[in-house]
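Being a predicted model, the structure only gives us computed values, none of them experimental. Residue numbers begin at 1 in each chain, while the letters A, B, ... track the order of the sequences.
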2 protein chains.
Amino acid sequence: MIRILLAEDQAMVLGALAALLNLETDLDVVGCAKNGNEALQLCQTANPDVLVTDIEMPGMTGLDLAAQLKALKSKTRVLILTTFARPGFLRRALEAGVNGYLLKDAPADQLADAVRRVAQGLRVIDPELALAAWSDPNPLSERERQILNLAGTGLTNQEIAETLHLAEGTVRNYLSETLAKLDARNRVEAYRLAKQKGWL
Amino acid sequence: MIRILLAEDQAMVLGALAALLNLETDLDVVGCAKNGNEALQLCQTANPDVLVTDIEMPGMTGLDLAAQLKALKSKTRVLILTTFARPGFLRRALEAGVNGYLLKDAPADQLADAVRRVAQGLRVIDPELALAAWSDPNPLSERERQILNLAGTGLTNQEIAETLHLAEGTVRNYLSETLAKLDARNRVEAYRLAKQKGWL
DNA sequence: CTGTTCACATGACAAATGTCATAAAAAAGT
DNA sequence: ACTTTTTTATGACATTTGTCATGTGAACAG
C-alpha cells in the first residue's frame with residue numbers, strides 16, 4: 001500500500017485529487033495539506049511514501065518544500081503536479097531533488113501510475129519538457145531577475161534602485177541588458193516572456 | 001439521477017473532478033470537455049442537467065459558453081467553478097446567465113451540494129463574493145479596457161493606435177484617463193490591478 | 001603584486017510615456 | 001433643426017525609459 005500526502009492550495013482540487021487516488025486499491029491518501037508549511041509538518045508526522053504537491057502555494061512553494069525535505073534527508077519522494085509547462089520550473093524542481101514532475105494537463109490516469117513509479121524510486125518527467133529545460137537555459141543573472149521581477153510589478157527605475165540599494169542608472173543598465181538578452185522591446189514584454197519561460 | 005457535464009482545460013483536474021462527483025450515488029458525469037467548443041457540442045448532444053465549467057479555457061471561455069447556452073435557450077444549468085475570486089468575473093457570469101459560481105478554494109464536498117442545488121433551480125453564489133461584485137463596479141469604459149489589455153501585452157502606444165485605428169495621442173489620452181481612474185502610476189500597475197479585480 | 005573580470009556607477013542623448021489644455025466631428029437628446 | 005454629450009484628435013511639455021560609451025572599485029586569477 002503506497003501512502004500518499006497531497007499538497008494543493010485549492011481545496012476543491014485537493015479533495016478531487018484525493019478522490020481520484022483513493023479509487024486505486026494500492027494507493028492510500030493519508031493526508032491533505034493546503035500550504036507548504038502544513039505539508040512539511042504532515043510529512044514529518046505521517047511519513048508518507050510519496051508527496052504529491054503543486055508548486056504555487058502560499059508561504060512555501062512546492063519547490064521550497066522539496067528542498068526542505070531533501071535537507072532533512074526525508075525518505076518521502078516528491079512528485080510535482082503543476083500547471084506550468086515551464087522549463088525553468090522543471091530545472092529548479094530537479095535541483096530541489098524532486099522525483100517526478102507531472103503537468104495538470106496530463107490525463108488523470110497518469111497520476112496513479114506516476115505515483116507508483118515514483119514510489120519505486122523511478123523518475124517521472126515528461127521527456128519533451130526535460131528536453132526543453134536543457135535547451136532553453138535561463139539567460140538572466142540573479143541581479144537581472146531581481147530587477148525584472150520588480151519592474152514587472154510596476155515599480156519605477158528609481159524605486160527599484162532604492163529597493164535594491166543600487167543607483168538608478170545601474171538599474172537602467174541592467175534592464176537594458178535584460179531586454180537585449182530576451183529580445184524584448186520593453187519591460188512589459190520582457191517580464192511576460194520570462195514569466196512564461198519560468199525564468200522568474 | 002443528476003446528469004453532469006464537466007468542462008476544464010486541465011485533464012488531470014477534469015478527471016479528478018469526475019472521480020469526485022461520481023462518488024455520489026445520485027450524480028452521474030455523462031461527459032468531459034477540455035475546451036469551450038467541445039463543451040458546447042456535448043451539451044447539445046448529451047443534454048445534461050448541469051454543466052460545471054471553468055472560466056479560462058482555450059477558444060471559448062466558460063462565460064462565453066454560458067452566454068451561448070442562454071442564447072440557445074438550453075435547459076442545461078451552468079455552474080462556474082473557477083480559481084478567480086474576482087467580482088468582475090462574477091458580474092459577467094451573472095450577466096451571462098449562470099446559475100452558480102463556486103471557487104476552487106471551497107471545500108471539495110461543497111461541489112456535489114452545489115450541483116444538486118443548481119439542478120433544483122437554486123442559485124449558488126458565495127454571498128461575500130456577491131457583495132464585493134456590486135460594491136466594486138468596473139470603472140473602465142470599453143475603449144479603456146481594450147487599450148489597457150493591449151498595453152499589458154507590451155505593445156507601444158503607436159502599435160495600440162494602429163491596432164485600434166486611433167491616433168497615438170488618443171491612446172495616450174485614454175491610458176492617462178485609465179491610470180487616473182485606477183490610481184495607478186503607470187500601465188504596469190494599472191494592468192495588474194485591473195486583472196486582479198477581474199475588470200479585464 | 002599585477003592584470004583581468006565583474007558588479008556597479010555616471011553622464012549624455014533619443015525615444016516613449018504620461019499630463020493637460022483645447023478643439024473637431026459624430027452621435028444622441030430635445 | 002439645434003444643443004449637448006461622447007469620442008477622438010492635436011500639440012506642447014515634463015517625466016520616465018532605454019541605449020550606449022566610459023569609468024571605478026572589489027573580487028579573482030596568475
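When the shell of 6.0 Å around CG of B:D183 is examined, it contains 12 or fewer heavy atoms from other residues, nucleotides or ligands.
Proximity of residues 175-191 of chain A to DNA chain C (heavy atom under 4.0 angstrom from any strand atom) is not detected for any residue. Non-hydrogen atoms lying under 4.0 Å from DNA chain D are contributed by A:T156, A:N157, all within residues 149-161 of chain A.
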Quiz: residues 59-72 of chain A side-chain donor-acceptor pairs under 3.5 angstrom, not counting sequence neighbours:
unit_1: A:T61; atom_1: OG1; unit_2: A:L63; atom_2: N; d: 3.3
unit_1: A:T61; atom_1: OG1; unit_2: A:D64; atom_2: N; d: 3.0
unit_1: A:T61; atom_1: OG1; unit_2: A:D64; atom_2: OD2; d: 3.1
unit_1: A:D64; atom_1: OD2; unit_2: A:T61; atom_2: N; d: 3.2

Solution key, residues 15-25 of chain B side-chain donor-acceptor pairs under 3.5 Å, sequence neighbours excluded:
unit_1: B:N22; atom_1: OD1; unit_2: B:V29; atom_2: N; d: 3.2
unit_1: B:N22; atom_1: ND2; unit_2: B:A18; atom_2: O; d: 3.3
unit_1: B:E24; atom_1: OE1; unit_2: B:R116; atom_2: NH2; d: 2.8

Which donor-acceptor pairs under 3.5 Å do the side chains of residues 100-112 of chain B make with protein atoms, sequence neighbours left out?
unit_1: B:Y101; atom_1: OH; unit_2: B:F84; atom_2: O; d: 3.2
unit_1: B:K104; atom_1: NZ; unit_2: B:E8; atom_2: OE1; d: 3.0
unit_1: B:K104; atom_1: NZ; unit_2: B:D54; atom_2: OD2; d: 3.1

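With sequence neighbours left out, the side chain to side chain contact (heavy atoms under 4.5 Å, CB included) criterion links A:A180 to no other residue. Residues forming a side chain to side chain donor-acceptor pair (under 3.5 Å) with A:Q158 (at least two apart in sequence, or on another chain): A:E162. Contacts of A:L164 classified as side chain to side chain contact (heavy atoms under 4.5 Å, CB included), with partners at least two apart in sequence or in another chain: A:R143, A:Q146, A:I147, A:L150, A:I160, A:L166.
Residue pairs meeting the salt bridge (charged side-chain N to carboxylate O under 4.0 Å, His left out) criterion with at least one partner in residues 144-161 of chain B, sequence neighbours excluded, are A:R185-B:E159, B:E142-B:R145, B:E144-B:K181.
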Nucleotides 4-11 of chain D: protein proximity per nucleotide (B base, S sugar-phosphate only, - neither; heavy atom, under 4.0 Å): ---SSBB-

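Between the CG atom in B:L51 and the CG atom in B:L42 there is a gap of 10.0 Å [rounded to 0.5 Å]. The NZ atom of A:K195 lies 9.5 Å from the CG atom of A:L148; values are rounded to the nearest 0.5 Å.
Summary of helix geometry: the two end axes of the helix from C:dC1-D:dG30 to C:dT30-D:dA1, each defined by five base pairs via their C1' atoms, are inclined to each other by 40° (rounded to 10°).
When the side chains of ILVMFWY residues are joined at heavy-atom separations under 4.5 Å, either directly or via intervening members, B:I125 and B:V78 end up in a single hydrophobic cluster.
Distance A:E142 CD to C:dC6 P: 17 Å, rounded to the nearest Å.
B:V188 forms part of a hydrophobic cluster together with A:V188, judged by ILVMFWY side-chain heavy-atom separations under 4.5 Å.
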